[in-house]
Amino acid sequence: MSTAATSTDAQAGRDRSDPRPRRVAPSALALLESARHGLAAAEGEASAGARYVSAHLAALRAAAAVVAARAEPGASARRRRPLSVWELLPKVEPALSEWAAFFAAGAAKRAAAEAGLPRAVSPREADDLLRDAETFLSLAENALGVPSQPLLPLLTAG
């Protein structure tokens, strides 16, 4: 077994000698499901701003799921200020540190798009963020040992 494989398994919370999946709290699973629905909604958004906002919020929910599943209860020391999920994510899952920095950097752009600023986000930026959020959600699911659950398209009558 290679060192990289061992490291990846340890980061994903799995022990290769134990074939059982790690138990993930229902609240974390609900956040992952909400993130999936958010991505599906983002794909259907007509405006670039709405697509960007929905994709960013989906990534935020995926990060919150990892933090919720991995945070040590009672391990926090006295803090001067609350930390964002993007600040907490690298502490509980170092393998996702670069993603945390990436999405934290996009928070101001999301706020501008939420405020309705017409040129806050280009269609290309929205599409790129949507793809990045999909990748990030898959990585978050993998880190928690949860099989990826893409949503199936709903068929409409008629």
Side-chain angles (χ1 to χ4, degrees), residues 1-45 50-111 113-114 126-156:
M1 179 182 322
S2 74
T3 306
T6 305
S7 158
T8 302
D9 289 338
Q11 289 174 351
R14 293 187 300 271
D15 176 1
R16 287 189 150 227
S17 64
D18 185 0
R20 296 172 297 171
R22 181 178 181 182
R23 180 162 155 58
V24 178
S27 59
L29 294 174
L31 284 165
L32 291 173
E33 182 178 355
S34 179
R36 271 280 160 221
H37 285 284
L39 288 175
E43 289 176 359
E45 292 289 355
R51 202 162 48 254
Y52 190 96
V53 169
S54 294
H56 197 274
L57 290 174
L60 186 63
R61 288 183 191 104
V66 174
V67 170
R70 292 282 175 82
E72 299 286 331
S76 62
R78 270 188 345 180
R79 290 190 212 121
R80 295 181 196 166
R81 64 176 180 86
L83 298 176
S84 77
V85 72
W86 303 123
E87 293 170 300
L88 293 170
L89 184 61
K91 296 175 190 307
V92 300
E93 186 59 50
L96 297 176
S97 295
E98 288 182 32
W99 284 99
F102 171 76
F103 285 110
K109 191 174 284 273
R110 183 191 88 214
E114 283 176 315
D127 293 341
D128 288 348
L129 188 75
L130 180 56
R131 280 188 298 278
D132 290 337
E134 289 171 346
T135 300
F136 177 71
L137 176 55
S138 293
L139 292 170
E141 290 169 331
N142 188 47
L144 295 177
V146 174
S148 184
Q149 299 289 323
L151 293 175
L152 298 175
L154 295 175
L155 297 176
T156 56

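Each residue takes its place number in the sequence, starting with 1. Owing to the predicted nature of the structure, the values given are computational and were not obtained by experimental measurement. Computation of the quantities below employed the complete heavy-atom set of this structure, encompassing side-chain atoms and omitting hydrogens, waters and symmetry-equivalent molecules.
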Just how far is it from atom CD of Glu134 to atom CG of Leu139, taken to the nearest 0.5 Å?
12.0 Å

Got a donor-acceptor contact below 3.5 angstrom from the Ser34 side chain to the Ala30 backbone?
no

Taking salt bridge (charged side-chain N to carboxylate O under 4.0 Å, His left out) as the cut-off, I'd like each qualifying pair that reaches into residues 55-69, sequence neighbours left out, listed once.
none

What are the two closest non-hydrogen atoms of Ala59 and Phe136, and how far apart are they?
O-CE2, 3.3 Å

Under 3.5 Å, sequence neighbours excluded: what are the donor-acceptor pairs made by side chains of residues 96-105?
from, atom 1, to, atom 2, distance (Å)
Ser97, OG, Pro94, O, 2.8

Where do Glu43 and Arg131 land on the salt bridge (Lys or Arg N to Asp or Glu O under 4.0 Å) test, with the steps shown first?
CA-CA 10 Å; Glu43 289 176 359; Arg131 280 188 298 278; over 6 Å; no

How close do Val53 and Arg110 get, counting heavy atoms only, and between which atoms?
CG2-O, 3.8 Å

Output yes when Glu141 and Arg36 qualify as a salt bridge under the 4.0 Å nitrogen-oxygen rule, no when they do not.
yes

Which value, rounded to the nearest 0.5 Å, describes the distance between Leu89 atom CG and Leu83 atom CG?
12.0 Å

Can any side-chain N or O of Arg51 pair as donor or acceptor with the backbone N or O of Ala126 at less than 3.5 Å?
no

On a heavy-atom basis, the closest approach of His56 and Gly106 is NE2-C, 3.7 Å

Would you find a donor on one side and an acceptor on the other, under 3.5 Å apart, between the side chain of Glu87 and the backbone of Ser84?
yes

Grab the two heavy atoms, one from Leu144 and one from Ala69, that are nearest each other, plus how far apart they are.
CD2-CB, 3.5 Å

Distance-minimising heavy-atom pair for Glu114 and Leu57:
OE2-CD1, 4.3 Å

Out of curiosity, Leu130 CG to Thr135 OG1, how far, rounded to the nearest 0.5 Å?
9.5 Å

Between Ala140 and Val66, which heavy-atom pair has the shortest distance, and what is it?
CB-CG2, 3.7 Å

